[in-house]
Amino acid sequence: MTRADEPLASRAGSRPTYLPPAVEVARWLQERDPLRLKQLWARADEVRQQYVGADVHLRGLVEVSNHCVRQCHYCGLRAGHRTLPRYRMSADEVLACARQARAFGFGTVVLQAGEDPVLRSDWISEVVRRVKATTGLAVTLSLGERTREELEAWREAGADRYLLRFETSDSRLFRAIHPSRAGQARSRLRCLGELRSLGYEVGSGVMVGLPGQSYASLVDDVMLFREYDLDMVAIGPFVVHPDTPLGSLERGPREVPADELMTTIVVALARLACPQANIPSTTALATLNLTQGHELGLCRGANVVMPNLTPARYRRLYDIYPSKACLFETAEQCAACVRRRVESIGRRVGTGPGGRRRAA
Ligand code: 5AD
């Protein structure tokens, strides 16, 4: 391995990267020797420190609606999960959460929902405008595969960033677990290209340990992070949800484990692939390890945490997977807990919007 101050040559010229060749990525993904892995953690931490520093940026997550028209085989919000009570927040409720994010000193609010066509384009635009006007915060949207016109309107309304995970680069596996809507096939990779051309900061990522996922495809995933030069990379373990098709499958052997070690190896490789990116220590990772999950991610390449600001009465209904971290009910408790965790590992909470830094 080269040292952190010697980036490997990058294909696109100025973009730094520390990603080793694919064969080495494949070896890291299957490495289980704690002493060797220590080198990977140290390397990811060193690159993180050099490019994005010690600040951990907090993004306030608002789960605006749990309605979803899609049937993704892993997700509890899928339309087929008929017993789940559904909700949609009002614009005023979203605004109240954004004000809270501001009051807590967060620099960004993330508006996330299932793929919910009832959240009309104009309504989202208006909410984005109001959030920007009243709080000045950076706004990240995570609303699924929407049309180019919608993405464009929201960008004009002031949205800064968009998150859309490609979930897996294995197109066969992707198709198997993402039934497309009749006549509405929309490629996520194409959406990502459009988001980029519209001037969004672009975030994507994958789940780790999906049934049917191979190490070879995970190598491709990491290579794609690099190729897309992602501004944000979100990586979480697959968590079984019993009320979904993947939850009711026979649990046969899986090639890639959906555990904390595997997830943080991919986080570390994502940091090497995209040194300047904002990389969250995800809630799904924290769910596997309530006491140390966030800290592990932050020490192995991540620099962002997304405390949940969704009102308590809705929060338990945002049922992507069971037992989502955290242990607390209120936004105040969540914010205080995350701050404590960040400080416990000698890092500090960042101020300002915390967008992608392009200069090293
Ligand atoms: N386990 C882990 N992550 C999940 N997501 C959806 N369902 C699950 C699950 N069962 C993730 C997907 C999606 C993000 C919002 O949540 O990666 O992009």
Side-chain angles (χ1 to χ4, degrees), residues 59 61-81 84 110-116 119 140-146 161-170 173-174 176-179 186-189 191-192 195 202-213 217-218 221 224-225 228 230 232-249 251 254 256-260 262-264 266-267 270 279-289 293 297 304-306 308 310 315-325:
R59 324 289 203 200
L61 177 64
V62 186
E63 295 155 334
V64 176
S65 159
N66 72 346
H67 288 263
C68 191
V69 293
R70 305 302 295 264
Q71 295 287 7
C72 305
H73 285 192
Y74 46 86
C75 180
L77 300 190
R78 66 198 306 274
H81 187 190
L84 178 68
V110 181
L111 308 184
Q112 188 177 83
E115 219 165 284
D116 178 4
L119 297 183
T140 303
L141 298 178
S142 178
L143 304 172
E145 299 167 26
R146 307 288 298 233
R161 312 182 187 132
Y162 204 98
L163 296 173
L164 181 66
R165 293 191 187 173
F166 61 80
E167 316 293 2
T168 173
S169 57
D170 176 342
L173 175 60
F174 185 92
I177 60 178
H178 296 93
R186 179 114 170 90
S187 141
R188 286 206 186 181
L189 296 181
C191 269
L192 292 174
L195 289 163
V202 179
S204 195
V206 297
M207 279 178 285
V208 173
L210 283 165
Q213 189 174 44
S217 77
L218 260 186
D221 294 348
L224 263 193
F225 299 160
Y228 281 104
L230 293 175
M232 303 173 282
V233 194
I235 294 145
F238 163 64
V239 182
V240 173
H241 190 307
D243 300 310
T244 61
L246 288 188
S248 48
L249 274 184
R251 299 213 189 134
R254 278 192 234 157
V256 177
D259 62 18
E260 134 194 342
M262 196 65 243
T263 303
T264 54
V266 182
V267 167
I279 300 182
S281 184
T282 55
T283 306
L285 175 60
T287 299
L288 294 188
N289 179 345
V304 166
V305 177
M306 297 167 64
N308 198 323
T310 310
R315 206 187 275 201
R316 64 184 179 81
L317 301 177
Y318 203 76
D319 182 31
I320 296 183
Y321 49 81
S323 319
K324 256 189 326 180

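Order of appearance sets the numbers: ligands from 1, and atoms from 1 within every ligand. Quick caveat: nothing in here was measured; it's all calculated off a predicted structure.
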Strictly by modelled atom types, are T310 and N308 linked by a side-chain donor-acceptor pair under 3.5 Å? yes
Heavy-atom gap G205 to ligand 1 smaller than 4.0 Å: no
Side-chain (S217) to main-chain (Q213) donor-acceptor, under 3.5 angstrom: no
Shortest protein heavy-atom distance from atom 9 (C) of ligand 1, along with the residue and atom involved: V239 O, 3.5 Å
Find all atoms of ligand 1 within a distance of less than 4.0 Å from any non-hydrogen atom belonging to [X], and give their numbers and elements.
| X | result |
| --- | --- |
| E167 | 12 (C), 13 (C), 17 (O), 18 (O) |
| I320 | 4 (C), 5 (N), 6 (C), 7 (N), 8 (C), 10 (N), 16 (O) |
| M207 | 2 (C), 3 (N), 4 (C), 5 (N), 8 (C), 17 (O) |

Identify which one of R70, R78, R146 satisfies the side chain to side chain donor-acceptor pair (under 3.5 Å) criterion when paired with E115. R70
So for ligand 1, is [X] a polar contact partner (N or O within less than 3.5 Å, distance only)?
| X | answer |
| --- | --- |
| Y74 | yes |
| R165 | yes |
| F238 | no |

Qualifying residues under side chain to side chain contact (heavy atoms under 4.5 Å, CB included), relative to P322, sequence neighbours excluded: V239, H241, P242
Taking side chain to side chain contact (heavy atoms under 4.5 Å, CB included) as the definition, give me every residue that meets it alongside Y228, ordered by chain and number, with sequence neighbours left out. L189, L224, L230
Could you tell me whether C75 approaches ligand 1 through its side chain, its backbone, both or neither, with non-hydrogen atoms closer than 4.0 Å? both
Can you tell which part of P237 has a heavy atom less than 4.0 Å from ligand 1: side chain, backbone, both or neither? backbone
Quick one: do E145 and R188 make a salt bridge, cutoff under 4.0 Å? yes
Using 30° and 60° as the class limits, which term best fits the ring planes of F225 and F166: parallel, tilted or perpendicular? tilted
